[in-house]
Amino acid sequence: MGDEAPKPTLALEYTFGRRAKGHNTPKDIAHFWELGGGTSLLDLIRIPITNDNLMSFSIVLVLDLSKPNELWPTMESLLETTRKHVDKIISSIAKNSSKIANQIKQKLWQTIPKDHPDRELIDPFPLPLLIVGSKYDIFQDFDSEIRKIICKTLRFVAHYYGASLLFTSKSEAQTLKAVTRSFINHLAFGLDKSKSLSMDHSKPLIIPAGSDSFSQIGSPPASDMDISQFRVRTPMELWKKVFEKNFPTKITNDLKEMRDPAKDPQYAETEVDAMRALKDQELEQYKRNADRTWKAMALETNSR
């Protein structure tokens, strides 16, 4: 079972986790919602994030390090859509209780030390955010300069949003698995966050929120001449321009790429599949009949 390839998430999937606090005490429960389909199902984000659970909600954004050309648009679309939805909820809450809305906003800054030199430059994401770079086992074989550009860019984005950053892989060592579990337990159950730290682009990045700085990250990986030619208004736009210059955005049709759940053997149901096959046959017959009808009409029109 442990060697099986992970199955892709279909639409929005739910699961939960429990943690015992002590003997004869109720267990803590964490609810996990996983959104699949890349950027094709962004509208589903509004389902798990509501007024009732906003104060305890966290976001884990998983990015595929093996596909640099899809990395920025995926990250940008998911974060922007989530942020707009959360901002809308906060505005709604503020109409009824400005105190609660202020508590939510104050909570954003808990991961950033009050004496952090970048405090005035950071724009915290409205919910606790962990950015995970997956498939590090593939990414580690990339050219050193490519890895450096991607690492620096993700470090900037994570730090700018007051987020944590973590690289993982299917074949990760036990120590990295423990670190990953620590990050998730911190978000899900409020346990102490991991004290591990790795900023070396030749190794998996492990950077808890508030541990990085813009001075350590450095400037965008481009020449002064290139940077001067970009017309941007914000540091985020500059990093985007530089990243996309190195990795032009690859437009993909997520809806076409998504696997049809009806053809996935893990969801096989004999009676349902038989009925589905019958309906498919009826649909094909309808298409053929409709095609003959249109051809007959065309011939009749031409003969006139």
Side-chain angles (χ1 to χ4, degrees), residues 1-3 6 9 13-23 25-35 48-49 53-65 75 78-79 82 107-114 116 118 122 124-140 147 150-152 154-213 216-217:
M1 292 289 289
D3 295 330
T9 301
E13 296 185 3
Y14 168 80
T15 187
F16 65 92
R18 292 193 184 99
R19 176 183 174 273
K21 292 187 292 185
H23 185 62
T25 59
K27 292 182 178 180
D28 288 332
I29 298 178
H31 305 275
F32 296 92
W33 295 87
E34 185 174 356
L35 177 66
I49 309 176
N53 63 19
L54 192 66
M55 288 289 287
S56 60
F57 211 96
S58 298
I59 300 292
V60 179
L61 173 62
V62 181
L63 301 172
D64 189 341
L65 295 175
M75 174 176 65
L78 288 166
L79 291 181
T82 303
K107 185 182 177 183
L108 308 182
W109 292 98
Q110 289 181 357
T111 58
I112 310 299
K114 292 183 178 180
H116 197 291
D118 299 333
I122 291 173
F125 199 72
L127 292 175
L129 174 64
L130 167 62
I131 299 177
V132 176
S134 66
K135 299 186 181 179
Y136 179 80
D137 48 333
I138 299 175
F139 176 75
Q140 66 183 346
R147 294 202 312 271
I150 295 174
C151 287
K152 287 189 68 172
L154 290 180
R155 283 179 64 186
F156 172 83
V157 172
H159 185 53
Y160 183 81
Y161 285 134
S164 296
L165 178 62
L166 173 69
F167 284 3
T168 66
S169 68
K170 180 183 176 183
S171 57
E172 64 190 14
Q174 286 299 121
T175 52
L176 192 54
K177 286 183 179 179
V179 171
T180 303
R181 193 178 302 112
S182 174
F183 272 93
I184 298 300
N185 283 335
H186 170 67
L187 294 176
F189 301 110
L191 302 185
D192 292 339
K193 63 181 179 181
S194 173
K195 295 181 180 179
S196 300
L197 182 66
S198 174
M199 299 181 180
D200 186 348
H201 74 269
S202 65
K203 299 177 182 178
L205 295 183
I206 305 171
I207 308 176
S211 302
D212 215 339
S213 69
Q216 289 176 294
I217 296 169

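Just the heavy atoms: all of them, side chains too, but no hydrogens, waters or symmetry mates, feed the values below. One-based numbering along the sequence shown.
- A distance-only check finds no donor-acceptor pair linking the side chain of Thr111 to the backbone of Gly210 [under 3.5 Å].
- If you take NZ on Lys195 and OG on Ser211, they are separated by 11.5 Å, rounding to the nearest 0.5 Å.
- For Ser213, the side chain to side chain contact (heavy atoms under 4.5 Å, CB included) partners at least two apart in sequence or on another chain are His116, Asp118, Ser215, Gln216.
- Not counting sequence neighbours, Asp192 has no partner by the side chain to side chain donor-acceptor pair (under 3.5 Å) test.
- Between Leu154 and Met75 the shortest side-chain heavy-atom distance falls below 4.5 Å.
- Atom-to-atom distance recorded for Leu191:CG and His186:NE2 is 9.0 Å, nearest 0.5 angstrom.
- Val179 places none of its side-chain heavy atoms less than 4.5 Å from the side chain of Thr168.
- Every residue two or more places apart in sequence or in another chain that forms a side chain to side chain contact (heavy atoms under 4.5 Å, CB included) with His201 is listed here: Ser144, Arg147, Lys148, Cys151.
- In this structure, the side chains of Leu166 and Leu205 stay at 4.5 Å or more apart for every pair of heavy atoms.
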Inset, instruction - Would you sort out whether Ile49 and Ile59 count as a side chain to side chain contact (heavy atoms under 4.5 Å, CB included), showing the intermediate values? - result: CA-CA 10 Å; Ile49 309 176; Ile59 300 292; 4.0 Å; yes
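- Considering CD1 of Ile206 and CZ of Phe183, their distance stands at 7.0 Å, rounded to 0.5 Å.
- In terms of heavy atoms, Leu108 sits closest to Pro126 at CD2-O, 2.9 Å.
- Heavy atoms of other residues, nucleotides or ligands lying less than 6.0 angstrom from NZ of Lys203 number 12 at most.
- Residues forming a side chain to side chain contact (heavy atoms under 4.5 Å, CB included) with Ile184 (at least two apart in sequence, or on another chain): Phe32, Val60, Leu130.
- Pro128 and Leu187 make their closest contact through CB-CD2, 4.0 Å (heavy atoms, listed as atom of the first residue, atom of the second, distance).
- In this pair, Phe139 and Tyr136 present their aromatic rings tilted. The plane angle is within the 30 to 60° band.
- Thr15 meets the side chain to side chain donor-acceptor pair (under 3.5 Å) test with no other residue; sequence neighbours excluded.
- One finds the CG atom of Leu165 at 10.0 Å from the CE atom of Met199 (value rounded to the nearest 0.5 Å).
- Under the rule for a side chain to side chain contact (heavy atoms under 4.5 Å, CB included), the partners of Lys135 that lie at least two apart in sequence or sit in another chain are Asp64, Ser66, Asp137, Ile138.
- Between the side chain of Asn53 and the main chain of Pro48, a donor-acceptor pair closer than 3.5 Å is present.
- Of the possible donor and acceptor atoms, none in the side chain of Ser182 sits under 3.5 Å from a partner among the backbone N and O of Lys193.
- Remark: the backbone N or O of Ala209 is paired with a side-chain donor or acceptor of Ser164 at under 3.5 angstrom.
- To the nearest 0.5 angstrom, Ile207 atom CD1 is 12.0 Å from Ser196 atom OG.
- The heavy-atom pair separating Ile29 from Arg18 by the smallest distance is CG1-CG, 4.1 Å.
- Between atom CG of residue Leu61 and atom CG of residue Leu78 there is a gap of 6.0 Å, rounded to the nearest 0.5 Å.
- Between the side chain of Thr82 and the backbone N or O of Leu79 there is no donor-acceptor pair closer than 3.5 Å.
- Atom OH of Tyr14 has more than 12 heavy atoms from other residues, nucleotides or ligands within 6.0 Å.
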